[in-house]
Amino acid sequence: MRLDIVTIFPEYLEPLNVSLVGKARARGDLDVRVHDLRAWTHDRHHTVDDTPYGGGPGMVMKPDPWGEALDAVLESGTAEGGAEGPGQPVQPVLVVPTPSGRPFTQELAVELSGKPWLVFTPARYEGIDRRVIDEYAERLDVREVSIGDYVLAGGEAPVLVMVEAVARLLPGVLGNAESHRDDSFAPGAMADLLEGPVYTKPPEWRGRDIPEVLVSGHHGKIARWRRDQALARTTAHRPDLIGRCGPEAFDKHDRATLEELGWRQGTDGRFWLSGEAVEE
Ligand code: SAM
């Protein structure tokens with residue numbers, strides 16, 4: 001997979017040389033290219049921002065450097081492994097971090113991990129002149145994405161978040177390919193539930209034991225315990241995830257656990273919390 005990141009703070013992306021993403025880069029599984037937006041400015045001060053039309057506080061990123069930078073990145077060729085075949089031109093997905101975008105979710109991370117080429121445009125100030133996004137949306141798949149309901153000073157931290165979420169899903173990047181199967185939000189058995197607690201050795205630490213079931217060797221009981229823990233944690237931290245599940249998401253045992261946790265089943269089969277959720 002190829003990743004291009006255009007930014008006025010290339011050094012902010014240094015963490016992409018560390019740990020899982022850094023190793024994937026070193027192995028050649030990830031081709032990460034960080035570009036300094038100011039390389040596409042032509043004045044003495046390398047200006048990338050200007051005052052907003054219509055007035056108001058803050059500055060807006062100028063369209064010219066972004067247009068030149070993105071044209072250069074797009075012209076720089078091909079990405080490995082595209083549907084068109086190796087070496088053939090591929091269109092990247094343009095990922096635009098913005099607090100006004102659609103939420104970045106595990107589902108989107110999974111979708112993006114299947115693309116051969118992603119280009120990220122982390123902004124500063126009040127964001128990028130809208131015409132840039134409109135221009136590239138005419139020829140590219142453009143995703144405006146928010147990593148949460150808060151406003152950061154720039155898009156570089158959101159890019160680090162998104163790249164790590166996507167990269168760990170690529171084949172061969174995690175040591176154990178099973179590791180992300182049971183993640184919170186992972187599609188599959190634990191869909192839409194948060195992952196419960198995890199434990200490792202020693203069996204006793206500062207007087208605290210691990211739950212006995214985990215050393216029982218009984219796979220069915222362990223799976224049930226994990227599922228109950230996931231239901232309890234989701235009830236405590238993200239009840240909305242359970243509320244939006246259809247009745248088919250839960251088996252007989254789940255329903256019993258949910259009842260104990262304070263959930264009641266409505267006539268449409270969906271669950272709603274009666275009174276306060278039971279504390280974990
Ligand atoms: N005035 C803008 C607004 O309210 O939408 C905020 C601009 S913010 C100060 C500057 C840049 O940081 C954004 O253009 C975006 O690249 C990035 N950014 C800030 N918060 C973000 C978030 N929650 N998700 C994704 N990107 C974010």
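Both counts, for ligands and for their atoms, begin at 1 and track the order of listing. Starting from 1, each residue takes its place in the sequence as its number.
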Please say whether [X] places an N or O atom under 3.5 Å from an N or O atom belonging to ligand 1.
{"X": "S100", "answer": "no"}
{"X": "P122", "answer": "no"}
{"X": "I147", "answer": "yes"}
{"X": "R124", "answer": "no"}

Which residue supplies the protein heavy atom nearest to [atom], what is that atom called, and how far is it?
{"atom": "atom 11 (C) of ligand 1", "result": "A123 O, 3.5 Å"}
{"atom": "atom 26 (N) of ligand 1", "result": "T98 N, 3.3 Å"}
{"atom": "atom 23 (N) of ligand 1", "result": "Y150 O, 2.8 Å"}
{"atom": "atom 4 (O) of ligand 1", "result": "P99 CG, 4.2 Å"}
{"atom": "atom 1 (N) of ligand 1", "result": "E126 OE1, 2.6 Å"}

Under 4.0 Å from a heavy atom of [X]: which atoms of ligand 1 are those, numbered in the order shown and with their elements?
{"X": "G155", "value": "12 (O), 16 (O), 17 (C)"}
{"X": "V151", "value": "6 (C), 8 (S), 9 (C), 20 (N)"}
{"X": "G148", "value": "23 (N)"}
{"X": "S146", "value": "23 (N), 24 (N), 25 (C)"}

### Task
Tell me, please, which residues at least two apart from R255 pass salt bridge (Lys or Arg N to Asp or Glu O under 4.0 Å).
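If we apply the salt bridge (Lys or Arg N to Asp or Glu O under 4.0 Å) test to R255, skipping adjacent residues, there are no hits.
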### Message
The criterion is salt bridge (Lys or Arg N to Asp or Glu O under 4.0 Å); which residues satisfy it with D71, sequence neighbours excluded?
### Response
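Checked D71 against salt bridge (Lys or Arg N to Asp or Glu O under 4.0 Å); matches are R139.
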### Query
Strictly under 4.0 Å, does any heavy atom of V145 approach an atom of ligand 1?
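Yes, V145 has a heavy atom closer than 4.0 Å to ligand 1.
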### Task
Report the C-alpha separation of W263 and T235 in whole Å, then their side-chain angles, then the decisive distance to 0.1 Å, and conclude whether the side-chain hydrogen bond (donor to acceptor under 3.5 Å, both in side chains) test is met.
CA-CA 9 Å; W263 292 88; T235 298; 2.9 Å; yes
### Task
Going by heavy-atom distance to atom 8 (S) of ligand 1, choose the closest among V159, D149, V161, L152.
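Looking at heavy atoms only, L152 sits closest to atom 8 (S) of ligand 1.
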### Selection from P52, G127, P97 by shortest heavy-atom distance to atom 15 (C) of ligand 1
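It is P97 that holds the nearest heavy atom.
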### Query
Under 4.0 Å from ligand 1, counting heavy atoms only, is it the side chain of I128, its backbone, both or neither?
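Under 4.0 Å from ligand 1, I128 contributes no heavy atoms.
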#### Entry: Part of Y125 with heavy atoms under 4.0 Å of ligand 1, whether side chain, backbone, both or neither
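The answer is the backbone.
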One thing to verify: whether [Y] and [X] come together as a salt bridge, which I'm taking to mean a side-chain N less than 4.0 angstrom from a carboxylate O.
{"X": "D31", "Y": "R33", "result": "yes"}
{"X": "R38", "Y": "D36", "result": "no"}
{"X": "R226", "Y": "D228", "result": "no"}
{"X": "R227", "Y": "D254", "result": "yes"}

### Stepwise side-chain contact (heavy atoms from CB on, under 4.5 Å) test for M61 and D129
CA-CA 6 Å; M61 297 194 94; D129 185 306; over 6 Å; no
### Task
Measure the spacing between CD of E138 and CD1 of I133 and express it to the nearest 0.5 Å.
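Answer rounded to 0.5 Å: 13.0 Å.
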#### Entry: Heavy-atom donor-acceptor pair, T234 side chain to L194 backbone, under 3.5 Å
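Between the backbone of L194 and the side chain of T234 there is a qualifying donor-acceptor contact (under 3.5 Å).
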### Test log, rule side-chain hydrogen bond (donor to acceptor under 3.5 Å, both in side chains), inputs T7 and E156
CA-CA 8 Å; T7 169; E156 289 76 12; 2.7 Å; yes
